[in-house]
Amino acid sequence: MEKLAIVGSGPAGLTSALYAARAGLAPLVFEGLEPGGQLTTTTEVENYPGFPDGIDGTELVGLMRRQAERFGARCVADEIVGCDFTGRPLKLKRSGGEQVEAACVIVATGASARYLGIESERRFMGKGVTACATCDGAFYRNQDVAVVGGGDTAMEEALFLTRMCSSVTVVHRRDELRASRIMARRAMEHPKIKFAWNSLVEEVLGDDRKGVTGLKLRDVRTDKLSELAVTGVFMAIGHKPNTDAFRGQLDTDDVGYLVVDGVRTKVAGVFAAGDVYDHVYRQAVTAAGSGCMAAIEAERYLQGLNV
């Protein structure tokens with residue numbers, strides 16, 4: 001039986017692994033289908049402390065993993081697809097059907113940004129297509145950008161981008177916003193924000209050298225095609241928390257985010273870290289901070305069990 005199993009290998013999971021490993025818990029880390037999480041889709045991370053010149057997202061995750069492994073964390077390239085937290089020990093089901101038993105579990109599976117799912121979007125991921133204005137907005141200073149979406153998240157992203165971008169065009173498939181009245185009003189009254197109503201993104205335009213150069217839009221009423229010249233596209237159509245494996249075992253909100261008290265779930269010995277519960281900040285540094293907290297709580301819990 002494992003003392004501690006950590007599900008997820010982004011900043012939250014790897015920081016949990018680091019702290020737990022240094023405490024002598026030899027945690028077993030399940031990396032999941034996307035080792036490193038959303039950070040690996042970011043080519044340049046400029047807002048993580050300690051890297052004044054910035055660092056590639058994949059490189060940053062690799063350094064975190066090496067640091068955790070140095071102290072005894074064990075990382076395995078496998079996915080957890082189910083669990084049973086109704087008794088002791090806690091049980092996790094691996095993708096191949098094998099079962100892992102653990103005295104304590106940290107869930108750090110994160111959340112996945114929703115994308116349009118078109119080929120050109122994938123082609124320019126990290127080359128002008130992103131899902132985080134706070135993370136990547138500074139790269140588009142004095143440039144024209146687009147935000148795709150019509151809810152509060154899209155309005156927040158658009159308003160944030162006005163601080164640095166020349167213009168922000170909100171692309172929305174309807175002729176009115178889904179955002180709350182106050183957020184919609186703020187966006188519509190801002191002189192830097194324009195709207196492409198009744199529009200769908202047909203294609204992300206660009207080339208491999210320059211990155212994104214524009215969007216091909218389709219009017220949903222007339223089917224007429226048009227082009228919008230932008231250098232950055234921010235997808236703001238929501239996030240999906242990666243909690244399917246814990247459905248029915250841990251409490252979630254209406255969207256699927258884990259419901260926690262601090263970093264504690266409703267099940268004793270099961271803790272959460274990072275974007276799997278945090279739908280407000282969604283930053284690498286806040287995920288790492290909660291990973292630290294989850295590891296400390298896990299250590300205290302195990303001490304109480306004399307494990």
Side-chain angles (χ1 to χ4, degrees), residues 34 38-46 57 111-180 183-240 282:
E34 296 183 53
Q38 292 186 71
L39 202 59
T40 59
T41 67
T42 303
T43 53
E44 190 77 11
V45 179
E46 291 189 329
S112 300
R114 297 184 189 276
Y115 289 94
L116 301 174
I118 57 179
E119 188 280 330
S120 56
E121 177 188 54
R122 289 188 290 271
R123 177 186 171 191
F124 292 108
M125 196 76 68
K127 300 177 182 178
V129 174
T130 178
C132 182
T134 308
C135 309
D136 300 327
F139 295 118
Y140 301 91
R141 193 171 301 278
N142 301 320
Q143 298 179 47
D144 299 314
V145 300
V147 172
V148 180
D152 278 348
T153 297
M155 298 309 104
E156 289 169 2
E157 299 277 271
L159 288 163
F160 176 83
L161 289 167
T162 61
R163 303 177 191 177
M164 56 208 70
C165 298
S166 297
S167 73
V168 181
T169 301
V170 175
V171 179
H172 188 40
R173 61 183 177 176
R174 298 187 177 94
D175 59 2
E176 61 180 359
L177 298 170
R178 294 183 292 104
S180 61
M183 291 301 297
R185 187 177 73 247
R186 287 175 182 169
M188 294 181 71
E189 291 177 351
H190 199 287
K192 283 189 175 183
I193 297 179
K194 301 177 288 185
F195 291 84
W197 300 108
N198 300 301
S199 296
L200 292 177
V201 177
E202 192 81 1
E203 184 182 357
V204 180
L205 305 174
D207 61 55
D208 292 331
R209 184 175 62 85
K210 293 181 180 179
V212 169
T213 59
L215 293 175
K216 182 182 290 185
L217 303 179
R218 178 169 61 84
D219 189 305
V220 298
R221 302 162 303 176
T222 65
D223 270 347
K224 182 181 178 181
L225 296 176
S226 62
E227 292 189 6
L228 174 67
V230 292
T231 54
V233 184
F234 294 80
M235 299 299 172
I237 53 179
H239 287 74
K240 181 184 183 300
R282 298 199 303 263

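Values in this document were obtained by computation on a predicted structure and should not be read as measured data.
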Look up atom [atom1] in [X] and atom [atom2] in [Y], then write down how far apart they are to the nearest 0.5 Å.
{"X": "Cys165", "Y": "Phe160", "atom1": "SG", "atom2": "CZ", "result": "9.0 Å"}
{"X": "Arg178", "Y": "Met183", "atom1": "CZ", "atom2": "CE", "result": "13.0 Å"}
{"X": "Leu215", "Y": "Leu200", "atom1": "CG", "atom2": "CG", "result": "11.5 Å"}

Considering non-hydrogen atoms only, spot the tightest contact between [X] and [Y] and give its length.
{"X": "Gly232", "Y": "Val212", "value": "N-CG1, 4.4 Å"}
{"X": "Val145", "Y": "Val230", "value": "C-CG1, 3.6 Å"}
{"X": "Ala154", "Y": "Val147", "value": "O-CG1, 3.7 Å"}
{"X": "Leu217", "Y": "Ala196", "value": "CD1-CB, 4.0 Å"}
{"X": "Val148", "Y": "Ile237", "value": "O-CG2, 3.6 Å"}
{"X": "Met235", "Y": "Val233", "value": "CE-CG1, 3.6 Å"}

Glu203: partners by salt bridge (charged side-chain N to carboxylate O under 4.0 Å, His left out), with sequence neighbours left out:
Lys216
Output all residues satisfying salt bridge (charged side-chain N to carboxylate O under 4.0 Å, His left out) with Arg282, sequence neighbours left out; order by chain, then residue number.
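So Arg282 forms no salt bridge (charged side-chain N to carboxylate O under 4.0 Å, His left out) with any residue.
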Pairs meeting criterion side chain to side chain donor-acceptor pair (under 3.5 Å) with involvement of residues 188-200, two or more places apart:
Thr162-His190
Any pair counted as side chain to side chain donor-acceptor pair (under 3.5 Å), so long as it reaches residues 111-126, sequence neighbours left out
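Counting only pairs at least two positions apart or across chains, the side chain to side chain donor-acceptor pair (under 3.5 Å) contacts touching residues 111-126 are Ser112-Asn242, Arg123-Asp208.
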According to salt bridge (Lys or Arg N to Asp or Glu O under 4.0 Å), does anything in residues 219-236 pair up with another residue at least two apart or in another chain? List the pairs.
Arg218-Asp223, Asp219-Arg221
Within residues 231-240 or reaching into it, pairs that qualify as salt bridge (Lys or Arg N to Asp or Glu O under 4.0 Å) - sequence neighbours excluded:
Lys240-Asp244
Ser180: side-chain hydrogen bond (donor to acceptor under 3.5 Å, both in side chains) partners, not counting sequence neighbours
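Only Asp152 meet the side-chain hydrogen bond (donor to acceptor under 3.5 Å, both in side chains) criterion with Ser180.
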Taken in chain and number order and not counting sequence neighbours, the residues that satisfy side-chain hydrogen bond (donor to acceptor under 3.5 Å, both in side chains) with Gln143 are Thr231
Exercise answer: donor-acceptor pairs, residues 166-177 side-chain atoms, under 3.5 Å, sequence neighbours excluded:
from   : atom 1 : to     : atom 2 : distance (Å)
Ser166 : OG     : Asn142 : O      : 3.0
Ser167 : OG     : Asp144 : OD1    : 2.6
His172 : NE2    : Glu176 : O      : 3.0

side-chain contact (heavy atoms from CB on, under 4.5 Å) partners for Ala187, two or more places apart
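With sequence neighbours excluded, Ala187 shows a side-chain contact (heavy atoms from CB on, under 4.5 Å) to Met155, Ile193, Phe195, given in chain and number order.
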Pair listing, ring pair (Phe, Tyr, Trp, His ring centres under 6.0 Å) test, anchored in residues 202-227, at least two apart
none
Can you list everything that forms a ring-ring contact (aromatic ring centres under 6.0 Å, His included) with Phe124? Sequence neighbours excluded, please.
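Phe124 satisfies ring-ring contact (aromatic ring centres under 6.0 Å, His included) with no other residue.
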